[in-house]
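Just below is one structure, and these are the notes that go with it.
This one's a predicted model, so the numbers in the text were calculated from it and none came from an experiment. Every number for a ligand or one of its atoms is a count from 1 in the order of the listing.
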Amino acid sequence: MSSLVFSSSIKPSTKNHERDRPSKHESSISAEKKIFNRNLCKSSPGFTVTNIATTKPSTVVPPSKNDSKLVAWTSVKQERWQGELHVQGQIPLWLSGTYLRNGPGLWHLGDYNFRHLFDGYATLVRLHFENGHLIMAHRQIESEAYKAARKNNKICYREFSEVPKPDNFLSYIGDLANLFSGASLTDNANTGVVKLGDGRVVCLTETIKGSIVVDPDTLDTIGKFEFSDNLGGLIHSAHPIVTDTEFLTLIPDLINPGYMVVRMEPGTNERKYIGRVNCRGGPSPGWVHSFPVTEHYVVVPEMPLRYCAQNLLKAEPTPLYKFQWHPESKGYMHIMCKASGKLVASVEVPLYVTFHFINAYEEKDEDGRVIAVIADCCEHSADTSILQKLRLQDLRSSAGQDVLPDAKVGRFRIPMDGSPYGSLKAALDPNEHGKGMDMCSINPNFLGKKYRYAYACGAQRPCNFPNTITKIDLVEKKAKNWYDEGSIPSEPFFVPRPGATEEDDGVVISIISDKNGEGYALLLDGSTFEEIARAKFPYGLPYGLHGCWVPKK
Ligand SMILES: CC(=O)/C=C/C=C(C)/C=C/C1=C(C)CCCC1(C)C
Ligand SMILES: CC(/C=C/C=O)=C\C=C\C=O
Ligand SMILES: [Fe+2]
């Protein structure tokens, strides 16, 4: 039982995990197990995981033909687990290090069920690769929001869509004050995880206070990542650009609509101001879940889906949560010089909706002058309904129905000659990837540079959520798709082979939830896109969002 441990007060719903326990190899990983077991001796949480799949839908939905046991949209079964997995196929020996994936994996408190995918308390998954072996672990991140929710059996902070119920009017007034000071905002770091240039590993969400340092070996929550500067702000992009030499992010200004562009050096906690972009339209800045960079520029998107102060104050979720769609305000793309902080281009572009930018690069003329910036994103047809499609009840009840709105690889071309307009076009025929597109990654060595390949989730219809792993070739304008009926793969994450000269020489890691309720880690060859290995988990895990790679020290 050494590699399969239940924490004392979280009750697994069945004993099947024991039956499914993977075979163990006593190997170089025993030291890891010791560390893990030592940590288990610490205090354990005082709440019980109940089955949320029994809740009745609040809206009438057509009966689904689907008899799937998929667990992607149900809470993680237990607080934590660690063990070595049995590997089918061959993990390349060069793949040495740790893949971490973060996501909102716990969507209920006692009898109370969260409604939106983005509300769940953060679940961190670890895949440690060494000498062809694979150790998996998962663990909840101990944010203040999570600890308070466990202690009080109710939500205590403002999550993506949920707001704590005011006990009475006076406490509500207090709550408003807390909203403006940021005290009532969540620190539930459930969106992504990054490795800073100095080696620290930080879990992130969109609230600045939700930046939490974790130990990539034990998954221990170490503590808050405190920014030591006076730049302020309550929210930032969920996807900073992180390299070995810098951390770049955008801080939206909700009072004087605009964005501050900031940079932090490895080894420091101090963000330094690079420049500011003022919004050109709307009452507030557009949502900046992510943004891209080129070698010399920061691309600042101003999406017509904008933060909304009134919706922030509402106790019940609105159709667009904390946002509002302002087509009359138009959409823009701004280009800032990273070295000087100067705005070098600002263009109106067609309306767009995106969570994730894929990459960007500079287009040059024959004399080497930059004539345009190309920025690619997963674009949801300027249709905000994608946010509603990520409601848990919809995800659970509409599996197998063709309700996923169309998406494409949206390619912006932002001219640098002072023209007022930029263009947005599909980079390849969206039918190549079933008109579904999100959760992208690239070879990190091509960040900000002209690139050819992107990895993402596409669609094999009918479906209600992206269900393929797709390799996009932006030169041939073709896609290769991995698909397993009824399965939901998480973001394909590309790890380049050390010393590789080809852009797609590496592996793609994804975590799959299958229709039998099981789950496994999947490795595809980046070049052929053939499966090279898979390793089954003791039980399926909830869907997760974004990951990072921590190479072996
Ligand atoms: C999981 C994911 O992709 C996004 C999470 C976003 C969150 C938690 C956003 C939280 C927010 C608040 C709690 C109040 C302020 C606005 C906003 C940043 C949307
Ligand atoms: C999972 C997702 C969109 C899927 C739709 O096609 C978006 C996730 C956003 C946050 O990271
Ligand atoms: Fe994201």
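You'll find the ring centres of Y121 and Y146 inside the 6.0 Å limit. When ring centroids are compared, F355 and W287 come within the 6.0 Å threshold. Aromatic rings of F494 and W549 (six-membered ring for Trp) have centroids beyond the 6.0 Å cut-off, not under it. The ring of F118 has its center no closer than 6.0 angstrom to the ring center of Y321. No close placement of the Y539 and F537 rings is indicated, their centers lying 6.0 Å or farther apart.
Counting only protein N, O or S atoms closer than 2.8 Å to the Fe ion (ligand 3) gives 4.
Among protein heavy atoms, the minimum distance from atom 10 (C) of ligand 1 is reached at F160 CA, 4.2 Å. When only non-hydrogen protein atoms are considered, atom 11 (C) of ligand 1 lies nearest to T207 CG2, 4.5 Å. For atom 1 (C) of ligand 1, the closest heavy atom belonging to the protein is T191 OG1, 3.2 Å. Of the protein's non-hydrogen atoms, T205 OG1, 3.3 Å is the one closest to atom 8 (C) of ligand 1. In this structure, atom 19 (C) of ligand 1 lies nearest to the protein heavy atom F323 CZ, 3.6 Å. What sits closest to atom 3 (O) of ligand 1 on the protein, heavy atoms only, is H289 CE1, 3.3 Å. The closest protein non-hydrogen atom to atom 11 (O) of ligand 2 is H546 NE2, 2.8 Å. Counting protein heavy atoms only, atom 5 (C) of ligand 2 is closest to I386 CD1, 3.5 Å.
S490 places no side-chain N or O within 3.5 Å of a backbone atom of Y543 that could act as its donor or acceptor partner.
Looking only at atom types and distance, the side chain of D229 has no donor-acceptor partner in the side chain of Y273 under 3.5 Å away. Counted by atom type alone, T468 and T470 present one or more donor-acceptor pairs between their side chains at under 3.5 Å.
Taking every heavy atom of H289 and a limit of under 4.0 angstrom, the matching atoms of ligand 2 come to 10 (C), 11 (O). Close contacts between ligand 1 and R158 involve ligand atoms 13 (C) [criterion: under 4.0 Å to a heavy atom]. Residue L185 approaches ligand 1 through these ligand atoms, each under 4.0 Å from one of its heavy atoms: 14 (C). Of all the atoms in ligand 2, the ones that sit under 4.0 Å from a non-hydrogen atom of F118 are 8 (C), 9 (C), 10 (C). When each atom of ligand 1 is checked for a heavy atom of E206 under 4.0 Å away, the hits are 6 (C), 9 (C), 18 (C). The H356 neighbourhood of ligand 2 comprises atoms 8 (C), 9 (C), 10 (C), 11 (O), with distances under 4.0 Å to a heavy atom of that residue. With ligand atoms numbered from 1 in the order given, ligand 2 contributes 1 (C), 8 (C) to contacts under 4.0 Å with heavy atoms of M439.
Of the residues listed (H289, K322, H236), the one engaging E206 in a side chain to side chain donor-acceptor pair (under 3.5 Å) is H289, and it is the only one. Among the candidates I241, T294, V242, the single residue satisfying the side chain to side chain contact (heavy atoms under 4.5 Å, CB included) test with L447 is I241.
Considering only heavy atoms from C-beta on, M260 stays 4.5 Å or farther from L250 through its side chain. Looking at heavy atoms from C-beta onward, S513 lies out of side-chain contact with Y520 at the 4.5 angstrom threshold. Side chains of R276 and D253 form a contact here, defined as non-hydrogen atoms less than 4.5 Å apart.
Close N/O approach between H239 and ligand 2 is not found [any backbone or side-chain N/O within under 3.5 Å]. Every N/O-N/O distance between Y543 and ligand 2 stays at or above 3.5 Å.
Here L312 has side-chain heavy atoms under 4.0 Å from ligand 1, and that is the only part of it that gets that close. With a 4.0 Å heavy-atom cut-off, ligand 1 is reached by the side chain of L545 but not by its N, CA, C or O. Of the heavy atoms in E159, only backbone atoms (N, CA, C, O) come closer than 4.0 Å to ligand 1.
Counting only non-hydrogen atoms, the option in F160, F465, F355 that gets closest to atom 1 (C) of ligand 2 is F465.
For the residue pair V193 and C548, the shortest heavy atom distance occurs at O-CB, 3.2 Å. Closest approach of P405 to D383, counting heavy atoms only: CB-OD2, 4.1 Å.
Heavy atoms of P466 come nearer than 4.0 angstrom to ligand 2 in at least one pair. Taking 4.0 Å as the cut-off, H380 counts as a neighbour of ligand 2 on heavy-atom distance.
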**Request:** Evaluate the side chain to side chain donor-acceptor pair (under 3.5 Å) criterion for residues S161 and D119: first the C-alpha distance (whole Å), next the side-chain angles of each, then the deciding distance (0.1 Å), finally the verdict.
**Result:** CA-CA 6 Å; S161 85; D119 282 326; 2.5 Å; yes
Throw together a table of side-chain donor-acceptor distances under 3.5 angstrom for residues 453-464, partners on residues two or more places apart or in other chains.
| residue | atom | partner | partner atom | Å |
| --- | --- | --- | --- | --- |
| R461 | NE | G434 | O | 2.7 |
| R461 | NH1 | D402 | OD1 | 2.9 |
| R461 | NH1 | L404 | O | 2.8 |
| R461 | NH2 | L404 | O | 3.0 |
| R461 | NH2 | K435 | O | 2.8 |
| N464 | ND2 | L395 | O | 3.0 |
| N464 | ND2 | S398 | OG | 3.0 |

